[in-house]
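Just so you know, ligand 1 is whichever comes first in the structure, and atom 1 is the first atom listed for that ligand.
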Amino acid sequence: MRLAAVISASLLLHTAFGQEPPTPAVTLNVAEKTLNVNGKNALVYSLTQDNGTRGLTLQQGQTFSVDLNNKLTIPTSVHWHGLILPNNQDGVAFVTQYPIYPNHFYHYEFPLKQTGTYWMHAHYGMEEQRLLAAPLIIKDPEDAKLADQEAVIMLGDFSFKSPEEIYTELRRKGRPMNKMESPGKGMKGMGQDLVDVDYDAFLANQRTLEDPEVIEVKPGTRVRLRIIDAASATNFFIHLGQLSGEAIAVDGNRIAPLKGNTFELSVAQRIDIIVTIPKEGGAFPILAQGEGTRMQTGVILATNGSILPQLSSQADKQAGALTNEQESRLSALHPLEKREVGRKIVVELGGNMQDYIWTLNGQVWPESTPLVIEEGQRVELVFKNKTAMAHPMHLHGHVFQVMEVDGKAFRGAVRDTVLVMPNSTLSIQFDANNPGVWPLHCHILYHQVAGMFTVVRYKEFEQPL
Ligand SMILES: [Cu+2]
């Protein structure tokens, strides 16, 4: 009641002064829900609008105006992944805001500067593992020219164990030391570590292949798949099956079209792929197989009346490891302008597998020295991965361009999350044009919690908390 009164009063005020009325806020609710996975119920968290829609679809140039309600019995916070926004809107508990306590809400409001495929997820504790994530799509008027139809596929990894149990086990058992050592020269990939957590299922739009989502499509049309890896710790191979596709964007940013039938997608990344449905119609599974596992998930694109195939959550063969190959072939449609680097920072990715501790420059969050940059600088971050595991590194509040992989310079994709391969060096550049204190971290949830997290801080920016 009180809220309604406030809104109408502010509407009146704006009209009285001849201003545009404010964009009405959309309500997003974080709540508990029961999800049935493979015949068994589990407690997960949902992130939906009042009408039950998961996440948000907004239009280019709109104001992001959201009331985020916490209907859980524990605190939460939600991060708008990939968005360029004011620092105090970033949604990171204990960095840019205090957590939202149960039965409280937080209002977010800022102008949207981008279009594309983004997502939102918990940035408090390990709530993300309980599926506290949802799509965040910002439509471009040009989208209609690219495809006849769109489908969002949000991938996830699921365990009947609580995230606390998973993390405790990881810490207790650690890993055999030999797995931590660098692979010898000439045996690349041999000593590589692919999987930390043994999941019970992989999900696509919260369903398994035993009961997949079937998306109706029309013969001869182009369908844009907006695929989001919202898993806590799983990289995927995307298999288009009988279809071939063209990737047109990564992390919301357009790329020079890349044709293919299989694509790689790391934790927290997105890829937009356009597929053409054959004129004769049919049913076309789009599968996502977890790196280093036989487990897979997916959806089925099907034309009206087609016979749906029976699919299994187990693939015939175990998947290998993601590589730098796809990344090296990507190039941004709208690259950063060429500029001298004003500040170069080496970020060493390290770890101690025996104790399951993960580090950036040898430090464990929150005992970390911020990486200080100055507004106006072109900044280069050089990630040196000294571990046997790949780390999807994510920078908040900015987009960056991938510039160099293992000494090979190129002008790659503009992104917000990049997978740094084991025993590999990868450089990114970005323009320091958004003052704040911005998280820079590995997006594997358990690495992040175990210390692989720091902040990039603009000099003279006043710490918000
Ligand atoms: Cu990591």
Member of Asn253, Thr117, Asp416, Asp229 meeting the side chain to side chain donor-acceptor pair (under 3.5 Å) criterion with Arg270: Asp416
Flag the pair His443 / His391 as yes when their ring centroid distance falls below 6.0 Å, and as no otherwise. no
Which N, O or S atom of His447 lies nearest to the Cu ion (ligand 1), by name: ND1
Charged N to carboxylate O below 4.0 Å: is that the case for Lys459 and Glu374? yes
Is the Phe430 to His398 ring centre distance short of 6.0 Å? yes
Can you tell me the N, O or S atom of His391 that's nearest the Cu ion (ligand 1)? ND1
Counting backbone and side-chain atoms alike, does His443 have an N/O/S atom under 2.8 Å from the Cu ion (ligand 1)? no
